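Only this structure's heavy atoms are used, side chains among them; waters, hydrogens and symmetry mates stay out. On a predicted model such as this, the values are computed, not experimentally measured, just so you know.
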Amino acid sequence: MSIIPLFVAIPLASAFLIPMFSKRIRVFSDIFANVTTFILCVMSLGVIGRNAVYTVGLWKPPVGIAMALDGWSVLLLVTVNSISFCATVFSIKYMEQYTSKLRYYSLFLLMVAGMNGVVLSGDLFNLYVFLEIASIASYALVGFGCQHDELEASFKYLVLGSVASTFILLGVAVGYSLTGTLNMADISARLPHDSSTFIFMASCFILGFGLKAALVPFHAWLPDAHPSAPAPISAMLSGVLIKAIGVYALIRLIFNIFGLTPVLSHILLFFGTASMVIGVFLAIGQWDMKRLFAYHSISQIGYVMLGFGLATPLGILGAIFHLMNHAVFKGLLFLTAGSVEYNIHTRQLEEMGGLRERMPVTGFTSLVASMSIAGIPPLNGFWSKLIIIIACVQSGHYIFGLWAAFVSLMTLASFLKVQKFAFFGELKEHNKGVREVPVGMCLSMMILALLCVGMGLLLVPSVRAQLLDPAVASLLRGTEYAAWILSKG
Amino acid sequence: MKGMSLIVKTVTRWIKGFIFLFGIYIVLTGHLSPGGGFAGGVILASSFILLTLAFGKEVALSKLSKNMASELDSIGALMFLTIALLGMCCGGAFFVNFLHRSHPGEAFRLLSAGNIMLYNIAIGIKVGASLFMVFVIISAIKVVLKDDAMKMIRHK
């Protein structure tokens, strides 16, 4: 019996069990949510290296709905579920500040179910439905604090997110009218590549998923939405949500369904570089800690897109590896920002300073994450950026490589700023009484910091053959994806 | 006097049961005719919404309290998921229509589509309860602008 549908069924079941059973016993919601994400995390590690097509209801594709598990999906599953485990561990104490923890966990698990569904779906309309589940849960989670700023950010996110969803739905509809099917493999097999309708459909998808992934011309919602959410949710949104429902879906469509053409590759290169450069310039002037991190998410997603746009095996490897690394260090950065906010109730860098003495664990993990995102060897961010830059040079795109190196320097500068103003320097008078955050929060930050240090090992050839190489291979095979699904189903 | 005029109240008293019954009919015959769980659920919720409009919120909430609606919401979703998972145990894959295999029934009869009717019932419960909840919550919270800041005020 295959466990593929359980990735969606388990979080969905516990999302509805939590509000039913934990009204009387408060601690039940903590236990249940953490056990659920832990099980999902173990399950996702268990499917590493597997390839499978699951036919829902035993209806064979192209008639029935298929769920497909290949290297690229496995990579995202591992990322989503491990970050969500760390975020729930962090939430136990952190979410005590808010009321209604059970609703929080319920929405959180719905979001996880949606993301797992997007990653596994082999059917375009199902992908849209799961994407909406994840998005709608995230709109509610962004506004969870119900303060003025949070509601405003949530509303902005809701409006722009709905615009994105509408474009994606339009794309699905146009694709259906063009091919008469919704199964992704079948669409790929029947798509007339030279028709103008195809170009319209591809533009709809690029616009929609680009908005979800916050690529630069479409990034306006992200710097408001991600800082306003509670810290574990910021970590989830920046760490995995924009990747699972934005980058994953866009790359799956472009590589495996449409087939990569030079035009599409140049679009990715252009959006990638624009996001990378503009994101970092917007970030460096910020004084709100979480807002600065949010702008860096845009910039780092730019790296990922640049790597994919190169479309060489090395470029894709770098992009995929950077995607995983970004999930880990950006998740960690948002959690440390949450710890600081938990203690001193502000996100402004000017009001911090010297926190390293009072909060050693937070200070140290934040240092690791900052160095990692800035690309200091031997931390994980260094390796993936190095691979992307080498890939740029190898494929003759020297200018893009130069931009990537330059942005890395700017990233270093802005994270030195964070470290200097928040954790080093003189301890402010009003922060003298600050104490380190509770154990659970420290634990989840330490897990992520360890990952930051150790993830460079994923590049060791024997380990790489398990996780990264299958992901690269599943993208590089291009439109043979269709034949694989239709033959296995 | 709470609620609307005597005419509205009297008419509502007469037809509320019929609307509810029609909702159930739409849910149960979802696999045979237009409609189904979602449409039927909306009709079920609308019978409660009509009660709220005609008699005020207290009367509607005394028939279906907020807690109860929230529980029904979860129960509907869980019921749907349980049937889908049962397909895994009894039929070999997620969402397998195992009842149809063992009891195919005569085509175009009420009991002919196996699991589909159970799914429709689950969706009907879920949609009915959650739509009613949405209505109650929207009517219970008012957002006002106060000193350049939005404030959410909860009505009693």
Side-chain angles (χ1 to χ4, degrees), chain A residues 1-24 29 32 52-61 64-67 99-100 102-103 105-106 109-110 113 117 120-121 123 126 133 136 140 143 145-155 489, chain B residues 38 65-101 113-116 118-119 122-123 125-127 129-130 133-134 137-138 140-154:
Chain A
M1 196 170 74
S2 176
I3 59 167
I4 296 175
L6 294 182
F7 279 108
V8 180
I10 290 178
L12 211 55
S14 48
F16 289 108
L17 282 172
I18 286 174
M20 275 184 78
F21 290 109
S22 52
K23 277 194 183 121
R24 285 174 198 86
S29 66
F32 212 88
V53 177
Y54 191 86
T55 50
V56 175
L58 293 181
W59 295 94
K60 299 219 175 302
I65 292 166
M67 291 174 119
T99 51
S100 188
L102 46 137
R103 288 204 182 81
Y105 280 128
S106 193
L109 288 168
L110 274 178
L120 286 169
S121 173
D123 181 280
N126 261 39
I133 293 176
I136 289 172
C146 282
Q147 298 291 317
H148 178 245
D149 294 344
E150 287 151 0
L151 290 176
E152 188 192 324
S154 171
F155 190 69
Chain B
F38 193 94
S65 71
K66 255 193 265 182
N67 264 342
M68 189 65 194
S70 155
E71 301 269 298
L72 278 177
D73 182 32
S74 300
I75 287 172
L78 284 173
M79 199 172 137
F80 188 86
L81 200 65
T82 315
I83 302 165
L85 283 173
L86 274 179
M88 238 169 146
C89 311
C90 309
F94 202 45
F95 273 108
V96 163
N97 196 339
F98 56 91
L99 276 182
H100 183 64
R101 279 196 199 156
N115 286 5
I116 307 289
L118 297 179
Y119 289 132
I123 297 170
I125 294 173
K126 160 106 190 141
V127 171
S130 51
M133 282 275 279
V134 168
I137 286 168
I138 287 177
I141 288 177
K142 193 174 167 192
V143 178
V144 292
L145 209 62
K146 197 176 178 188
D147 304 334
D148 202 31
M150 279 195 292
K151 280 263 156 58
M152 293 226 283
I153 295 176
R154 193 178 274 272

**Asked** If you look at every heavy atom in B/Glu71 and A/Met20, which pair is closest and at what distance?
**Response** OE2-O, 3.9 Å
**Prompt:** Does B/Lys126 reach the side chain of A/Phe16, with side-chain heavy atoms less than 4.5 Å apart?
**Reply:** yes
**Item:** For chain A, the option from B/Asn67, B/Val96, B/Ile75 that forms the most heavy-atom pairs under 4.5 Å
**Value:** B/Val96
**Request:** Search all heavy atoms of B/Leu78 against all heavy atoms of A/Ala13 and return the closest pair with its distance.
**Result:** CD2-O, 3.6 Å
**Message:** As an exercise, state the distance from CD1 of A/Ile65 to CZ of B/Phe94, rounded to the nearest 0.5 Å.
**Reply:** 10.5 Å
**Request:** Locate the shortest heavy-atom distance separating A/Ser2 from B/Met88; write the atom from each residue and the value.
**Result:** O-CE, 3.2 Å
**Prompt:** Roughly how far, to the nearest 0.5 Å, is CZ of B/Phe95 from OG1 of A/Thr55?
**Reply:** 13.0 Å
**Request:** Using non-hydrogen atoms and a 4.5 Å limit, figure out which bit of B/Thr82 sits close to chain A: side chain, backbone, both or neither.
**Result:** neither
**Item:** Contact summary for A/Pro19 and B/Ser74, nearest pair of heavy atoms
**Value:** CG-OG, 4.0 Å
**Prompt:** What distance separates A/Leu58 CG from B/Arg101 CZ, expressed to the nearest 0.5 Å?
**Reply:** 5.5 Å
**Asked** Is B/Leu85 close to A/Leu6 at the side-chain level, that is, under 4.5 Å between some pair of heavy atoms?
**Response** yes
